[in-house]
Amino acid sequence: MSFALIDCDSFYASCERIFRPDLSHKPVVVLSNNDGCVIARSKEAKALGVGMGVPWFKVKDHYLKHQGAVFSSNFALYGDISGRMMHILSLFTEKIEIYSIDEAFIGVPHCIMMNPQQATALGQDIRQCIKTWLGIPVRIGIAPTKTLTKIASYIAKHNPAYHGVCAIPNNQYLINRYLKQVPVHEVWGIGRRLRQQLSTQNIDTAYDLACIDAQMIRKKYSVVLERMVRELRGEACLALNEEHDPKKQIIVSRSFAKKVTNLQELNPIVNDFVVRGFEKLRNEKQLCTKISVFIRTSAFDKSNLGYQGFDTFTYAQPTQDTRQGLRAARQILQKIFIPAYAYAKAGIILNDFNGVTNFQQPDLFEEAAPQYDNSNQLMSALDLINKEHRNVYFASQNQVGYTAMRRSMVSPRYTTNINELPVAK
DNA sequence: TCTGGGGTCCTAGGACCC
DNA sequence: TCTGGGGTCCTAGGACCC
């Protein structure tokens with residue numbers, strides 16, 4: 001079996017455009033939480049020089065001068081559109097791996113790959129469907145390995161002649177021709193550090209990387225890079241993962257709109273993270289054995305030395321009871337909180353999920369955590385009540401939810417809230 | 001003034017065992 | 001004066017991804 005990668009163009013920006021056809025050829029950017037960084041840009045916004053991940057305040061004036069549209073992130077919308085796209089893909093094949101909110105791999109049978117025209121036609125079919133039914137433009141890369149589908153997608157992105165679909169056949173000579181067109185840092189799995197290291201060895205293109213001796217690369221670098229090299233040569237090392245892997249970790253964290261300096265203010269915020277984290281945990285049908293809390297000052301503040309507090313609590317028994325989470329978080333926070341710092345961000349991490357193997361031998365001298373009666377029933381009832389609207393809170397939770405976020409330019413929840421449906425006039 | 005959030009995998013090294 | 005060899009498990013931190 002070969003693979004196809006379906007990858008949306010500037011996904012968040014494209015989602016915003018669905019209900020705003022007036023923006024179809026205008027610059028569109030989408031901002032991260034707190035309207036902090038640019039996390040999606042349309043083609044036109046890129047052309048204005050707006051970089052990925054740049055702080056909004058740095059490009060704001062320049063961007064708005066050119067009549068660019070800007071949105072706070074609207075994950076209710078993006079998540080819903082993503083689900084619809086995955087549904088369309090499922091009409092073409094059962095062999096599908098949802099890789100991220102805007103990307104999916106699907107399996108392509110060998111018989112189709114034997115004929116490059118047929119493979120390309122299939123890609124165009126899928127692309128048209130998604131464009132027509134959903135209004136989202138996608139790119140499709142088809143190839144014998146997952147890593148090569150990423151290469152194909154890159155080629156399609158940079159050559160308009162491909163009309164968004166590039167199929168690389170299983171032929172070493174042809175593969176190499178494509179690899180020579182791609183800079184090594186565009187290879188899936190090559191980040192900043194590896195790019196630097198490889199550059200000192202004069203490895204600059206994907207082709208250069210594919211030519212390295214696999215044994216040597218394993219010794220000198222790692223199995224990860226070895227796998228990449230093999231994949232680039234057309235040897236499939238990564239399979240299609242059709243199952244939804246259970247999570248191994250849950251993180252809830254936020255940067256604050258305003259710096260926080262005292263524990264009284266910090267406690268309810270962190271408690272809110274705990275409540276949210278345990279909801280996710282129960283949604284995953286898991287129990288956790290460890291909870292960590294971290295708080296930190298701004299990474300960009302040069303005026304003081306900065307501080308990062310982090311500690312972990314291990315439960316004697318795995319739990320999914322929010323009250324256990326709140327107890328532990330309060331203890332940790334008291335331990336790691338140092339007054340006199342201005343905190344910019346905090347978060348919680350849940351770890352070591354359920355499973356019999358994760359059973360911890362209780363500590364003989366540890367004070368036993370209280371066991372709550374009917375814990376499961378209470379948590380289920382809570383989740384049920386809060387499913388539609390958040391009606392029931394813990395007293396120690398922040399009233400406003402997390403910490404007040406700047407989100408001044410958010411679009412309506414067009415597809416997920418009955419009161420915000422678009423109106424056709 | 002203002003700089004995101006949520007994940008996975010791998011490796012080296014320490015603690016511990018016999 | 002001289003202090004082994006082989007192994008497992010866990011953790012923190014690095015690197016990468018979208």
Side-chain angles (χ1 to χ4, degrees), chain A residues 5-12 29-40 51-61 70 72-73 75 78-79 82 97-105 146-147 150 153 185-198 218-228 237-238 241 244-259 273 276-277 280-281 284 289-290 292 294 296-303 306 308 310-312 314 342 344-353 357-358 360-361 402-403 405-408:
Chain A
L5 170 70
I6 292 84
D7 192 351
C8 300
D9 295 340
S10 325
F11 182 60
Y12 300 159
V29 302
V30 177
L31 306 180
S32 64
N33 280 335
N34 260 330
D35 295 342
C37 295
V38 173
I39 55 170
M52 183 61 175
V54 297
W56 171 233
F57 73 88
K58 284 191 180 172
V59 294
K60 183 178 175 183
D61 289 346
V70 52
S72 304
S73 39
F75 287 103
Y78 313 148
S82 172
E97 172 185 343
I98 298 172
Y99 181 68
S100 74
I101 193 164
D102 75 329
E103 275 178 59
F105 291 101
K146 281 180 162 182
T147 305
K150 290 266 184 185
S153 175
H185 62 267
E186 294 289 345
V187 175
W188 196 31
I190 304 292
R192 192 175 300 159
R193 296 304 288 264
L194 276 171
R195 177 189 184 176
Q196 273 175 16
Q197 289 179 42
L198 293 172
R218 180 173 202 152
K219 243 186 250 165
K220 201 163 170 190
Y221 297 92
S222 68
V223 285
V224 185
L225 199 61
E226 183 195 357
R227 206 153 50 205
M228 275 178 240
C237 303
L238 303 168
N241 185 6
H244 160 78
D245 285 347
K247 278 197 188 7
K248 297 174 175 172
Q249 178 179 72
I250 287 172
I251 302 178
V252 182
S253 75
R254 289 290 180 282
S255 297
F256 307 148
K258 266 194 295 185
K259 303 260 194 305
F273 298 158
R276 209 30 226 129
K280 289 186 184 183
L281 185 69
E284 287 279 315
T289 317
K290 284 188 176 162
S292 311
F294 67 87
R296 60 183 302 177
T297 54
S298 169
F300 304 95
D301 190 357
K302 303 275 189 291
S303 64
Q308 214 176 140
F310 176 93
D311 205 5
T312 301
T314 304
K345 181 174 181 173
I348 63 122
I349 305 172
L350 307 182
N351 258 315
D352 276 26
F353 291 170
T357 49
N358 281 348
Q360 300 268 332
Q361 187 72 26
Y402 299 135
T403 168
M405 256 200 298
R406 271 190 305 276
R407 234 174 143 232
S408 51

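So you know, we letter chains A, B, ... as the sequences are listed, proteins then strands, and number each from 1. Just so it is clear, the structure is predicted and the values come from calculations on it, not from any experiment.
Among the protein residues, A:I250 comes within range of the sugar-phosphate backbone only, with heavy atoms under 4.0 Å from sugar or phosphate atoms but none that close to a base. Contacts of A:R227 with the nucleic acid, taken as non-hydrogen atoms under 4.0 Å apart, involve only primed sugar atoms and P, OP1 or OP2. Counting any heavy atom pair closer than 4.0 Å across all strands shown, A:F11 reaches no nucleic acid atom. A:D102 comes within contact range of the sugar-phosphate backbone alone, with a heavy-atom separation under 4.0 Å but no base atom that close. Using a 4.0 Å heavy-atom distance criterion, A:K60 is classed as making no nucleic acid contact. Among the atoms of the strands shown, none is found under 4.0 Å from any heavy atom of A:V54. As judged by a 4.0 angstrom heavy-atom cut-off over every strand, A:K259 is placed among residues touching the sugar-phosphate backbone only.
Checked against salt bridge (charged side-chain N to carboxylate O under 4.0 Å, His left out), A:E284 has the following partners two or more places apart in sequence or in another chain: A:K247. For A:D102, the salt bridge (charged side-chain N to carboxylate O under 4.0 Å, His left out) criterion is met by no residue, not counting sequence neighbours. Evaluation of the salt bridge (charged side-chain N to carboxylate O under 4.0 Å, His left out) rule for A:K258 yields no partner, not counting sequence neighbours. The salt bridge (charged side-chain N to carboxylate O under 4.0 Å, His left out) test applied to A:R254 returns no partner, not counting sequence neighbours. Partners of A:K248 under the side-chain contact (heavy atoms from CB on, under 4.5 Å) rule, at least two apart in sequence or in another chain, do not exist in this structure. Taking the ring pair (Phe, Tyr, Trp, His ring centres under 6.0 Å) definition, one finds that A:F57 meets it with nothing, sequence neighbours left out. Scanning for side-chain contact (heavy atoms from CB on, under 4.5 Å) contacts around A:Q249 gives A:I251, A:I349, A:N351, with sequence neighbours left out. Partners of A:K220 under the side chain to side chain donor-acceptor pair (under 3.5 Å) rule, at least two apart in sequence or in another chain, are A:Q201.
Side-chain nitrogen and oxygen atoms of A:K150 include at least one within less than 4.0 Å of the OP1 or OP2 phosphate oxygen of C:dC18. Neither OP1 nor OP2 of B:dT8 sits under 4.0 Å from any side-chain N or O of A:K247. Contact check, A:S255 against B:dG5: a side-chain N or O comes under 4.0 Å of OP1 or OP2. A sub-4.0 Å separation between OP1 or OP2 of B:dG6 and a side-chain N or O of A:S253 is present.
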Could you go step by step and tell me if A:T297 and A:Q308 meet the side chain to side chain contact (heavy atoms under 4.5 Å, CB included) rule? CA-CA 7 Å; A:T297 54; A:Q308 214 176 140; over 6 Å; no
Working for side chain to side chain contact (heavy atoms under 4.5 Å, CB included), residues A:S253 and A:K345: CA-CA 7 Å; A:S253 75; A:K345 181 174 181 173; 3.9 Å; yes
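One can place CD1 of A:I348 at 14 Å from P of B:dG5, the figure rounded to the nearest angstrom. Between A:F57 atom CZ and B:dT3 atom P the separation is 7 Å, expressed in whole Å. Atoms CZ (A:F256) and P (B:dC2) sit 15 Å apart, rounded to a whole Å. Taking atom CZ on A:R276 and atom P on B:dG5, their separation rounds to 14 Å, with Å as the unit.
Listed by first residue number, the stems of DNA chain C with at least three Watson-Crick or G-U pairs below 3.5 Å are B:5-18 with C:5-18.
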Set out, line by line, the N/O atom pairs under 3.5 Å between protein and nucleotides 9-12 of chain C.
{"residue": "C:dT11", "atom": "OP1", "partner": "A:K290", "partner atom": "NZ", "Å": "3.1"}

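Using a distance-only test at 3.5 Å, with no hydrogens or angles considered, a donor-acceptor pair links the side chain of A:S82 to the main chain of A:I101.
Toward the 5′ end of DNA chain B lies the nearest nucleotide of A:S32, the other residue of the pair A:S32 and A:Q249 mapping further downstream. Taking the nucleotide of DNA chain B with the nearest heavy atom to each of A:M405 and A:D245, the more 5' of the two is matched to A:M405.
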Atom pairs and distances, donor-acceptor, side-chain atoms in residues 188-198 of chain A, under 3.5 Å, two or more places apart:
{"residue": "A:R195", "atom": "NE", "partner": "A:H185", "partner atom": "ND1", "Å": "3.3"}
{"residue": "A:R195", "atom": "NH2", "partner": "A:H185", "partner atom": "ND1", "Å": "3.4"}

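We find that A:E97 and A:K146 are joined by a salt bridge, their nearest charged nitrogen and carboxylate oxygen being less than 4.0 Å apart.
One C1' atom belongs to C:dC18, the other to B:dC2, and the distance between them is 25 Å to the nearest Å.
Taking every heavy atom of residues 185-194 of chain A and every atom of DNA chain C, pairs under 4.0 Å involve A:V187, A:W188, A:G189, A:I190, A:G191, A:R192, A:R193, A:L194, by number.
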